[in-house]
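A short worksheet on the structure shown next.
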Number of protein chains: 2
Amino acid sequence: MEKVKVLIWGFGAMGSGMASMLLKKEGVEIVGICDAHPDRVGKNFKDVLNVTSNHPNVVINKDIDEVIAGAKADVALLATDSFTKNAYDKIVKLLEKKINVVSTAEEMAYPYVNEPELAKKMDEIAKANGVSVLGTGINPGLIMDLLAVCLTGCMEEVDHVTCRRVNSLSPFGPAVMEEQGVGMELDTFNELNAKGELAGHVGFRESVGMMAAALGFKVDQFEQQMKPIVTDVDRKSPYGFAAAGNLAGVNMTAQGYENGVEKFDMQHPQQIEPQLGGVDTGDYIVIKGTPEVNMAITPEVDGGIGTIAMCVNMIPHVINSDAGLKTMIDLPVPRAIMGDMRELIK
Amino acid sequence: MEKVKVLIWGFGAMGSGMASMLLKKEGVEIVGICDAHPDRVGKNFKDVLNVTSNHPNVVINKDIDEVIAGAKADVALLATDSFTKNAYDKIVKLLEKKINVVSTAEEMAYPYVNEPELAKKMDEIAKANGVSVLGTGINPGLIMDLLAVCLTGCMEEVDHVTCRRVNSLSPFGPAVMEEQGVGMELDTFNELNAKGELAGHVGFRESVGMMAAALGFKVDQFEQQMKPIVTDVDRKSPYGFAAAGNLAGVNMTAQGYENGVEKFDMQHPQQIEPQLGGVDTGDYIVIKGTPEVNMAITPEVDGGIGTIAMCVNMIPHVINSDAGLKTMIDLPVPRAIMGDMRELIK
């Protein structure tokens, strides 16, 4: 039986991490890589990863049409965007070539809420081509949505869901430092935040939308806030520095309401060196109802590895799925792949 | 659109609990109930439950053929047995009438391990009749298997899984007190245990089998132990009493190995009034690998409500499933049903 053939589009931290993970897995092969970064174009991906492997060489190519034509891929891992509207044309191109798609775009985790028309089109195009498309990652995708949904499986009634992810930004690079306001002066933060010019976490609307759809709540009101996390002491991480009085990160919060009653409470404070603020990291889900469920994962699941793993681990589910746009609540539970990936393909 | 039509076979603690839960849900109707207990036969189920409801009356009937003929059910909740071989004829009867089945039998959570031939037959019969059959519950079914599988979704590599469920037996009745050795003298326990005459927890082999299949481990060795939990002080629960020096319960443990290496470690100490032994209850999953995941649910998820909820909540997934024998790793994640059940049927 032929190996599962994977195309990777976008070879930054996520795409290259997926390639590294795939090299350790059996029954799967990377058949094409598209990336436009001048440091990577034209290079063998194993040299970019700085690994030794008997995996066939794949030269990184910036022309996606050439990559697709040469690859005959079963599935593409698309790690280029956060927003559906930016990923849309790429997804359509892949679907029209009858290639299943796993996207890291946070909005793609539940595109029905922010891009319902694009979601409808992607579903139609996927069905017309007999393939499927899924957005996933650690968050949105698992920790602040699917995992909570799974835990409600043992409940007769759900009154309220709190998802709280307290994580460290210390492992992340310069781009994340900037997006999350690390080191920023409070006045600057207030100015940018008032103008809506700070990204912060993308995905609350999607997580709430996914959970509401799964449980059958009609969320008719959604609110989101971003507040500064000001440090009392100097904090330093490999790529970030926050002087005392400045931002160590931001605290994103959101709420989803049904008929004026809060059903979902999302809390996601992210900062460098949280221990210097007396903060213990972790993922917490508290579900009020019958029975109540009070879950903690300590420390939090690593976001970078987690997203890479979720995308790779969902490959068999996406290939096996009936055609169309899928979200995590449509497919079997995610799982690590410790055997031959071919054995998981129906 | 017609309501989802549910038949209940077995109206003990589980079956009657599912009926109570269904009465609170929209878009679903109980259309037949089979139970042979003389206290219940011939009675309207609402009188047995002692509830007031505008749900149509259903008289409990001990003749399953009459119940099936009068019901036109979409799905049956079968809450009669723990072992596949005892549930088998009942399951086949339902499948042959083209009724989907959700079974509480612990072995049915993953019948391939203990009853592979019966599993094969059920799969064939279900497919021949265009319906599906699933075994589920809180454990096996979620807490010591599916939830661990779900958490591995964010992992690149899994080395070892520990599932530990520390729960109180205090809410349970006389049958459970006897099965779990509550109040027993140590000599009696040792004698019965040596003869294999104490049931303890049923489901470790199924949970390990399910997790191994999901992750791709080839478990070639399985071991299980039962040890007494001797109390230092007198303990009293509504249906149990353990004098100091006697058993407050039993500690069931199991291990699954691949090529001599332990991959799964199952720990399930059950006792009355655990706080009197200084024991905090909870559900714990610790997964070694990349990244590590360390999860705790405290206190533990209530086992009775949990099993009732899992069975009811899986009804839409079982109706929507393609035909055949299914386990929890084949279907979308379980979830509470807070809206109209009809909206979940494809």
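Letters A, B, ... mirror the listed sequences (proteins, then strands); counts begin at 1.
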Do you know which of [options] has the most heavy-atom pairs with chain B at a distance under 4.5 angstrom?
| options | value |
| --- | --- |
| Thr298(A), Val293(A), Leu151(A) | Thr298(A) |
| Pro332(A), Gly282(A), Gly339(A) | Pro332(A) |
| Cys311(A), Pro299(A), Gly216(A) | Gly216(A) |

**Asked** Are Leu142(A) and Cys150(B) side-chain neighbours, meaning at least one heavy-atom pair lies under 4.5 Å?
**Response**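 A side-chain contact exists here, since the closest heavy-atom pair is under 4.5 Å.
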
**Request:** Could you check if a side-chain atom of Val333(B) sits within less than 4.5 angstrom of a side-chain atom of Leu147(A), using non-hydrogen atoms only?
**Result:**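 The answer is no; the side chains never approach within 4.5 Å.
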
**Message:** For Lys120(A), I'd like to know if atom NZ has over 12 heavy atoms of other residues, nucleotides or ligands within 6.0 Å.
**Reply:** no

**Request:** Report yes or no: does Asn313(A) contribute a side-chain atom to a donor-acceptor pair with the main-chain N or O of Gly153(B) at less than 3.5 Å?
**Result:** yes

**Item:** Contacting moiety of Ile287(A), where chain B heavy atoms sit under 4.5 Å
**Value:**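 Ile287(A) has no heavy atom closer than 4.5 Å to chain B.
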
**Prompt:** What part of Val149(A) is in contact with chain B, defined as an atom under 4.5 angstrom from a non-hydrogen atom: side chain, backbone, both or neither?
**Reply:**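 Answer is both: backbone and side chain atoms of Val149(A) are under 4.5 Å from chain B.
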
What's the separation between atom [atom1] in [X] and atom [atom2] in [Y], rounded to the nearest 0.5 Å?
| X | Y | atom1 | atom2 | answer |
| --- | --- | --- | --- | --- |
| Asp302(A) | Glu292(B) | CG | CD | 11.5 Å |
| Thr152(B) | Arg335(A) | OG1 | CZ | 8.0 Å |
| Cys154(A) | Asn139(B) | SG | CG | 11.5 Å |
| Asn294(B) | Asp283(A) | CG | CG | 11.0 Å |
| Leu215(B) | Met338(A) | CG | CE | 8.0 Å |
| Met21(A) | Thr290(B) | CE | OG1 | 9.5 Å |

**Fill in**
So, the part of Ile143(B) with a heavy atom under 4.5 Å from chain A: the answer is neither

**Proximity breakdown for Ile138(B) and chain A, heavy-atom pairs closer than 4.5 Å** = side chain

**Request:** Look at Glu343(B), Met341(B), Lys25(B) and state which one has the largest set of heavy-atom pairs under 4.5 Å with chain A.
**Result:**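 Most pairs with chain A among the choices: Lys25(B).
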
**Asked** Quick one: of Gly141(B), Gly306(B), Gly17(B), Gly289(B), who has the most non-hydrogen atom pairs under 4.5 Å with chain A?
**Response** Gly306(B)

**residues 315-331 of chain B: residues contacting chain A (heavy atom under 4.5 Å, by number)** =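 Residues of residues 315-331 of chain B touching chain A at under 4.5 Å: Ile329(B), Asp330(B), Leu331(B).
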
**Item:** Residues of residues 156-166 of chain B near chain A, each having a heavy atom less than 4.5 Å away
**Value:** Glu156(B), Glu157(B), Val158(B)

